[in-house]
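Protein chains get the first letters and strands the later ones, always in sequence-line order, with residue 1 at the start of each.
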Amino acid sequence: MSKRLFVGGLPWAVDDHALQDHFAGFGEVVSATVIRDRETQRSRGFGFVEFASDAEAAKAVDDLDGTEMEGRQITVSIAKSPGV
DNA sequence: GTTGAGCGTT
């Protein structure tokens, strides 16, 4: 099952909470993580969101991919490394 | 105090 989404193009200001909150309206977000630098801990501008079901994940991809978040266009797609 | 394609961390 592919429930994890790759989210790119995020503004620098976005954090885990903002990411989860943005996807929460499409289904149950199991986890939302913004990848940040190991040393400076600044946002790398992309992250991962895991939904409770693949249907919700697919819905979020269909509705949010190519749209804007906080004024910046974001990329939403099924992530690699499937959760199976 | 910056940057802008891609696929992390336990």
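A donor-acceptor pair is defined here as one N or O able to donate and one able to accept, closer than 3.5 Å; such a pair exists between the side chain of Glu56(A) and the backbone of Glu28(A).
Taking atom CZ of residue Arg44(A) and atom P of nucleotide dA5(B), one finds them 16 Å apart after rounding to whole Å. Per the geometry, CZ belonging to Arg36(A) stands 19 Å off C1' belonging to dT3(B), to the nearest Å. In this structure, Glu39(A) places its CD atom 17 Å from P of dG8(B), rounding to the nearest Å. Rounded to a whole Å, the CG atom of Asp37(A) is 16 Å from the P atom of dG4(B). When the P atom of dT9(B) is taken as reference, atom CG of Leu19(A) falls 16 Å away, rounded to whole Å. Atoms CZ (Phe46(A)) and C1' (dG6(B)) sit 6 Å apart, rounded to a whole Å. Rounded to whole Å, the distance from NZ on Lys80(A) to P on dC7(B) is 4 Å. Between Asp16(A) atom CG and dT10(B) atom P the separation is 14 Å, expressed in whole Å.
With DNA chain B read from its 5' end, the first of the two nearest nucleotides for Arg38(A) and Gly45(A) is the one closest to Gly45(A). Residues Phe48(A) and Pro11(A) both approach DNA chain B. Their nearest nucleotides, taken by heavy-atom distance, put Pro11(A) toward the 5′ side.
Contact of the Leu19(A) side chain with the Asp21(A) side chain is not registered, since no non-hydrogen atoms from C-beta on lie closer than 4.5 Å.
Looking at every heavy atom in both residues, Ala57(A) comes nearest to Ser2(A) through CB-O, 4.1 Å. Nearest heavy atom pair, residue Arg44(A) against residue Arg38(A), reads NH2-N, 4.3 Å.
Among the protein residues, Thr75(A) comes within range of no part of the nucleic acid, since none of its heavy atoms lies under 4.0 Å from any strand. Within the 4.0 angstrom heavy-atom criterion, base atoms lie near Leu10(A).
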| Test side-chain contact (heavy atoms from CB on, under 4.5 Å) applied to Phe48(A) and Leu5(A), step by step | CA-CA 5 Å; Phe48(A) 294 90; Leu5(A) 308 183; over 6 Å; no
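Side-chain N/O atoms of Arg42(A) and base N/O atoms of dT3(B) include no donor-acceptor pair closer than 3.5 Å.
Nearest to the side chain of Trp12(A), among dC7(B), dG8(B), dA5(B), sits dA5(B).
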